[in-house]
Number of protein chains: 2
Amino acid sequence: MAESTDGERARPGGSARSAVVAVAVRLFTEAGYEATTMDDIAVAAGMSRRSLFRRFGSKEDILFAEHDDLFETVERFLEAAPDDDPVATVRSAARMVFQEYVRSPEVTVPRFRLVRAVPRLRDREIAMTARYQAAFSRFLARGETAGRRALTGEALAASVIAAHNHVLRSWLHAPQEPVPWRRFDEAMGFVTDSLGALLREPAEAPRSAASGAGAGAESVLVAVYPAGIPGEDVLARVRGALGAEGG
Amino acid sequence: MAESTDGERARPGGSARSAVVAVAVRLFTEAGYEATTMDDIAVAAGMSRRSLFRRFGSKEDILFAEHDDLFETVERFLEAAPDDDPVATVRSAARMVFQEYVRSPEVTVPRFRLVRAVPRLRDREIAMTARYQAAFSRFLARGETAGRRALTGEALAASVIAAHNHVLRSWLHAPQEPVPWRRFDEAMGFVTDSLGALLREPAEAPRSAASGAGAGAESVLVAVYPAGIPGEDVLARVRGALGAEGG
DNA sequence: CCAAGTTTGGCATCTAGTGTCATAGTACGT
DNA sequence: ACGTACTATGACACTAGATGCCAAACTTGG
């Protein structure tokens, strides 16, 4: 052991930690990520190379330190959340992440540029979002790791992440623009409406069998129609679709 | 340049390449990934350390060499595909990847175990699947990088990857079992049916502040019912749902 | 058989990351 | 105040991945 990778004991020296991050981001931006050595950062931050490694574990971790903290916050949020409406909870969690990104652009925007430019950092960022996705997925599936419910949870988690990143990326490209909260909520509603309904449905249908196993014994019907179309037209379309598929 | 990272010039020595991969996988499995040095691999493969780096760029790349080749194949497949049915094309591409995994378990299964055990490799694997996701997403959105169509493409790509990995993982945990092609196709159909329909519909209708779950230009209706339920019952449910939401 | 180009190997070097140990700073009980 | 125990820091050494450089070996073509 002896190295412990830090991670929880973060509080003492939290502000000094942020100062180091700021210095590192500046150096990375000025001279490039690869060209900046840990020695450079240590000198600029006024500490020894060894202590730098102790505080942050690795060079990448300096850049993603605050991101890691955020993830832990989100995890605690999910742990503490009631499970009456998992989809809404996950949507809120995603909103939290978005909120934190737009709240401190002085860190997230330079980091975004660095991440785009350096493959190694890009992979790290992707791994980060994958951790969110796994957390969301676990929360949505509520323990199940196989079966239709697990699959739906994974697909929904993936879609939520995709929607989040879709809007976030567009803002990061032009951070001087106002924060697109509306588009965020629309995008989030878009994915949670379609797949989220599939996750909720089996529980809300008390009448039919729908017993425990649920191993692929269901069929899925999806209809898309412009808003405002009369209900009968929708019914007609559904009837047509049912006929076509032999249901 | 001078280092070129190889990648396209792979053919001369392709079989020798695979032999090196096999040797490396064996060493990694026997002694652990971290504990196996590039020198060890070089000796076991009968070549110099320097040449090993030239052929594979990095230690990780040895393990993922064949995976990279597969990705290139998939990319070419997407480039060559007609764009009459992008969703079906992406589904086929995902099927190709699945096929390649189950085709050579002697490489993919040990790699899976290594990837699960070593965080660094796990991140690499995740980055790999993210590349697929990006390729799928680009193909589905057909150039658009913003707007509803782009978002749908990204969510669908994410869901396709999620479904693929869902089934793949379950097989990798028990590779002696028969390949679950049926579950793969079911899972793929599940996600492409729901989100895929949204992508096909042009429906750029004006927003009409639909009550409740609306939020987008379209309304989405999703129904899940046990297979075998009479069509009229489905219609009745749909009618009920429409009435409830005020459509 | 020789010339031009490519592949390979050996060597040096750079840097991230880790183990170790001594020292400086700090909290605490007497 | 004083010594003690604990923690943070820094200096040093070392491992290993990765890259540049150059010479030797090999391949190709005339």
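Below, chain A is the first sequence line, B the second, and so on; all start at residue 1.
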Whole-Å gap separating [atom2] ([N]) and [atom1] ([X]):
{"X": "A:Phe56", "N": "C:dT18", "atom1": "CZ", "atom2": "P", "value": "15 Å"}
{"X": "B:Arg54", "N": "D:dC22", "atom1": "CZ", "atom2": "P", "value": "14 Å"}
{"X": "A:Arg120", "N": "D:dG17", "atom1": "CZ", "atom2": "P", "value": "13 Å"}
{"X": "A:Arg50", "N": "D:dC14", "atom1": "CZ", "atom2": "P", "value": "15 Å"}
{"X": "B:Asp61", "N": "D:dT19", "atom1": "CG", "atom2": "C1'", "value": "15 Å"}
{"X": "B:Met47", "N": "C:dG10", "atom1": "CE", "atom2": "P", "value": "12 Å"}
{"X": "B:Lys59", "N": "C:dA16", "atom1": "NZ", "atom2": "P", "value": "18 Å"}

Legend entry - Point-to-point distance, once rounded to the nearest 0.5 Å, from CZ of A:Phe64 to CZ of A:Phe71: 14.0 Å
Please determine, for the side chain of [X], which listed nucleotide ([options]) has the closest atom?
{"X": "B:Phe53", "options": "C:dG10, C:dA16, D:dA18", "value": "D:dA18"}
{"X": "B:Arg55", "options": "C:dA16, D:dC21, C:dT8", "value": "C:dT8"}
{"X": "A:Ser51", "options": "C:dG17, D:dG10, C:dG10", "value": "D:dG10"}
{"X": "B:Ser48", "options": "D:dG10, C:dG9, C:dG17", "value": "C:dG9"}

Inset, instruction - Using a cut-off of 6.0 Å, state whether more than 12 heavy atoms not belonging to B:Arg103 lie near its atom CZ. - result: no
Legend entry - Neighbour count above 12 (heavy atom, 6.0 Å) for B:Arg120 CZ: no
Inset, instruction - Identify, residue by residue, the members of residues 25-42 of chain B with a heavy atom below 4.0 Å from DNA chain D, and return them in order of residue number, or none. - result: B:Thr36, B:Thr37, B:Met38
Inset, instruction - List the steps and the verdict of side-chain contact (heavy atoms from CB on, under 4.5 Å) for A:Met47 and A:Val20. - result: CA-CA 10 Å; A:Met47 67 198 304; A:Val20 175; 4.2 Å; yes
Inset, instruction - Classify the angle between the aromatic ring planes of B:Tyr132 and B:His67 as parallel (below 30°), tilted (30 to 60°) or perpendicular (above 60°). - result: tilted
Inset, instruction - On DNA chain C, check which nucleotide each of A:Glu60 and B:Gly46 is closest to and give me the residue with the more 5' one. - result: B:Gly46
Inset, instruction - Classify the side chain of B:Arg49 and the base of D:dA16 as holding, or not holding, a donor-acceptor pair under 3.5 Å. - result: no
Inset, instruction - May I ask you to check whether B:Trp181 and B:Phe98 place their ring centers less than 6.0 Å from one another? - result: yes
Inset, instruction - Is it possible for you to check whether B:Arg148 lies under 6.0 Å from the centre of the six-membered ring of A:Phe190, through NZ or CZ, and within 45° of that ring's axis? - result: yes
